[in-house]
Number of protein chains: 2
Amino acid sequence: MTAVLVVDDAPDLLKVLKITLQAHGYDVTTAADGHTALLAASQQPFAVIILDLGLPDMDGTTVIRELRTASRVPILVLSARHSSDDKVEALDAGADDYITKPFGPDELLARLRALLRRTTDPEQEPVVVTQDFTVDLAKHRVVRDRNEVRLTPTEWSVLELLVRNPEKLLTQQQILSEVWGPAYAKDANYLRVYMAQLRRKLEPDTANPRYLLTVAGLGYRFQP
Amino acid sequence: MTAVLVVDDAPDLLKVLKITLQAHGYDVTTAADGHTALLAASQQPFAVIILDLGLPDMDGTTVIRELRTASRVPILVLSARHSSDDKVEALDAGADDYITKPFGPDELLARLRALLRRTTDPEQEPVVVTQDFTVDLAKHRVVRDRNEVRLTPTEWSVLELLVRNPEKLLTQQQILSEVWGPAYAKDANYLRVYMAQLRRKLEPDTANPRYLLTVAGLGYRFQP
DNA sequence: CCCAATCTTGACGAATCCTTAACGCTCCCT
DNA sequence: AGGGAGCGTTAAGGATTCGTCAAGATTGGG
């Protein structure tokens with residue numbers, strides 16, 4: 001769950017923000033002043049910090065600078081002040097976005113999404129691990145016994161398709177049309193050749209496949 | 001110099017934006033409609049795109065989506081429409097920031113800086129060291145055997161891209177469109193020439209590359 | 001205007017990959 | 001038992017892609 005720190009000295013607004021964000025699946029921590037906020041931020045990493053500039057104990061810009069000395073966490077500023085100077089000051093201090101009150105919850109949520117989209121690692125590509133080898137989709141890499149396994153482009157395409165659909169049966173037609181194009185959906189000989197290559201490179205016992213399984217008469221299946 | 005694409009159908013505003021941005025050191029390209037903008041974006045990589053939503057030929061959201069299909073370039077939206085729905089739509093389509101008219105140049109510039117700060121690489125580990133050479137991203141320098149290696153601008157661009165994505169496979173298309181612009185994504189001959197240059201300057205054994213590896217049929221990879 | 005550095009382009013062997021065909025195996029049906 | 005169908009394996013060509021070189025085009029500075 002995405003951890004968010006909300007900093008605001010107005011109890012009512014803080015409560016509204018907390019409920020709204022929680023309703024949209026965020027894990028919300030709150031703080032009512034600058035020192036509490038800095039303490040919380042130092043103890044736990046947040047995906048984003050929503051910061052109201054009108055705090056009782058510290059200047060908002062100072063809070064931003066303090067946060068920035070320790071981390072690059074995205075900061076979304078809320079403020080009642082519309083002047084250009086205030087915005088420039090906050091943004092140049094290290095804020096990522098600046099919303100002026102009053103604002104609708106939809107806009108806040110949309111800006112939050114935009115900010116998280118930009119800052120969250122695009123490392124969503126999963127790494128599939130088995131007892132004998134590892135497939136890293138993002139890096140296009142297969143490692144076995146600490147050594148990299150060299151795969152040809154077509155071998156990779158077939159493996160990728162299987163690995164992206166673990167435990168799921170893929171018919172020969174599906175694999176062929178996905179890898180070679182819809183026109184090749186008949187000639188299953190390609191596929192047998194490449195399954196053999198992959199097994200030779202990945203399976204500990206080629207004769208008794210453990211991961212790249214044949215489903216007789218239908219197709220193949222990857223078993224993690 | 002930072003390349004910026006400004007898209008606006010109002011000639012006056014376009015002119016003002018261009019002059020303002022150029023005065024602050026940006027390299028400005030302009031477009032007056034959606035199709036021109038998409039064409040420009042496909043031929044040259046920009047650090048950021050400033051997009052007015054009120055275009056004559058295309059819906060603004062459509063332009064954003066089209067841009068997003070091809071790249072993750074930061075998009076800053078200008079709009080006369082203040083409604084929450086418009087903002088949400090643009091932001092969720094893939095925009096990174098949304099400014100409503102009228103806006104001051106200071107705010108635009110500050111938001112631009114904030115966006116670029118977030119977007120440009122953090123340079124957390126600007127020095128990449130291998131057993132044979134050192135690449136200092138911040139200083140634009142490569143050192144080998146205590147001597148500086150002279151790289152041409154294009155050689156540097158290619159090396160930088162590879163080094164910033166260690167271990168990750170970069171396809172020829174990715175490298176070509178990053179370094180030469182999206183329009184050159186087909187002619188892989190450039191790349192082969194430059195990989196050869198880099199290997200000659202960096203690899204201890206040019207015939208058996210240890211750092212700049214070829215992944216046949218797909219692309220290249222930097223192995224630290 | 002010329003020079004030097006850089007980029008582009010084409011060509012060529014070399015390396016790699018894809019396709020194809022052949023053959024052995026198992027399973028199942030006749 | 002025989003034979004056919006589907007799958008696994010292997011190896012050899014032919015096609016594609018890669019590395020390399022060098023010459024022409026382009027750019028930028030003096």
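Per chain, numbering begins at 1; letters A, B, ... match sequence-line order.
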Exercise. Taking atom C1' of D/dT9 as reference, at what distance in whole Å does atom CG of A/L191 sit?
Worked result: 14 Å
N/O donor-acceptor pairs under 3.5 Å from side chains in residues 9-32 of chain B, not counting sequence neighbours:
unit_1 : atom_1 : unit_2 : atom_2 : d
B/T20  : OG1    : B/V16  : O      : 2.7
B/H24  : ND1    : B/T20  : O      : 3.0

For this session: Report, as a single string ordered 5' to 3', how protein heavy atoms within less than 4.0 Å touch nucleotides 23-30 of chain D: B base, S sugar-phosphate only, - not at all.
Result: --------
Problem set entry | Contact residues, residues 140-174 of chain A to DNA chain C [heavy atom, < 4.0 Å] | A/T152, A/P153, A/T154
Exercise. With sequence neighbours left out, what residues match A/Q197 under side-chain hydrogen bond (donor to acceptor under 3.5 Å, both in side chains)?
Worked result: A/R200
Problem set entry | By side-chain hydrogen bond (donor to acceptor under 3.5 Å, both in side chains) - contacts of B/D52 (at least two apart) | B/K101
For this session: Using modelled atom types only, decide if a donor and an acceptor are shared between the side chain of B/T134 and the backbone of B/T130 within a distance under 3.5 Å.
Result: no
Problem set entry | Side-chain donor-acceptor contact under 3.5 Å, B/T61 with B/E89 | yes
For this session: Would you mind reading off the bend of the helix from C/dC1-D/dG30 to C/dT30-D/dA1 from its two end axes, five pairs each, to 10 degrees?
Result: 30°
For this session: First locate atom CG of A/L212, then atom OH of A/Y194, and finally report the distance between them rounded to the nearest 0.5 Å.
Result: 15.5 Å
Exercise. Hey, is the side chain of B/Y190 poking within less than 4.0 Å of OP1 or OP2 on C/dT9, counting only N and O atoms?
Worked result: yes
Exercise. Can B/E155 and B/R150 be counted as an ion pair, charged N to O under 4.0 angstrom?
Worked result: no
For this session: May I ask you to check whether B/S79 and B/Y98 show a side-chain donor-acceptor distance below 3.5 Å?
Result: yes
Seminar exercise, completed: Hits for salt bridge (charged side-chain N to carboxylate O under 4.0 Å, His left out) against A/E148, two or more places apart or cross-chain, chain-then-number order -> A/R141, B/R221
For this session: Give me the residues of residues 194-224 of chain B where at least one heavy atom lies under 4.0 Å from an atom of DNA chain C, by number, or none.
Result: B/Y194, B/A216
Exercise. Salt bridge (charged side-chain N to carboxylate O under 4.0 Å, His left out) with A/R144: which residues, sequence neighbours excluded?
Worked result: none
Exercise. For the side chain of A/Q172 and the backbone of A/L218, is there at least one donor-acceptor N/O pair under 3.5 Å apart?
Worked result: no
For this session: Not counting sequence neighbours, which residues clear salt bridge (charged side-chain N to carboxylate O under 4.0 Å, His left out) with A/D97? List them please.
Result: A/R111, B/R111
Exercise. Going from CG on B/L198 to CD on B/E203, what distance comes out if it is rounded to the nearest 0.5 angstrom?
Worked result: 9.5 Å
For this session: Measure the spacing between OG1 of B/T69 and CD1 of B/I64 and express it to the nearest 0.5 Å.
Result: 12.5 Å
Problem set entry | salt bridge (charged side-chain N to carboxylate O under 4.0 Å, His left out) partners for A/D92, two or more places apart | B/R113
Using the 3.5 Å cut-off, write out each protein N or O paired with an N or O of nucleotides 21-28 of chain C and the distance between them.
unit_1 : atom_1 : unit_2 : atom_2 : d
C/dA21 : N7     : A/N189 : ND2    : 3.4

Exercise. Below 4.0 angstrom from OP1 or OP2 of C/dC18, is there any side-chain N or O of A/W180?
Worked result: no
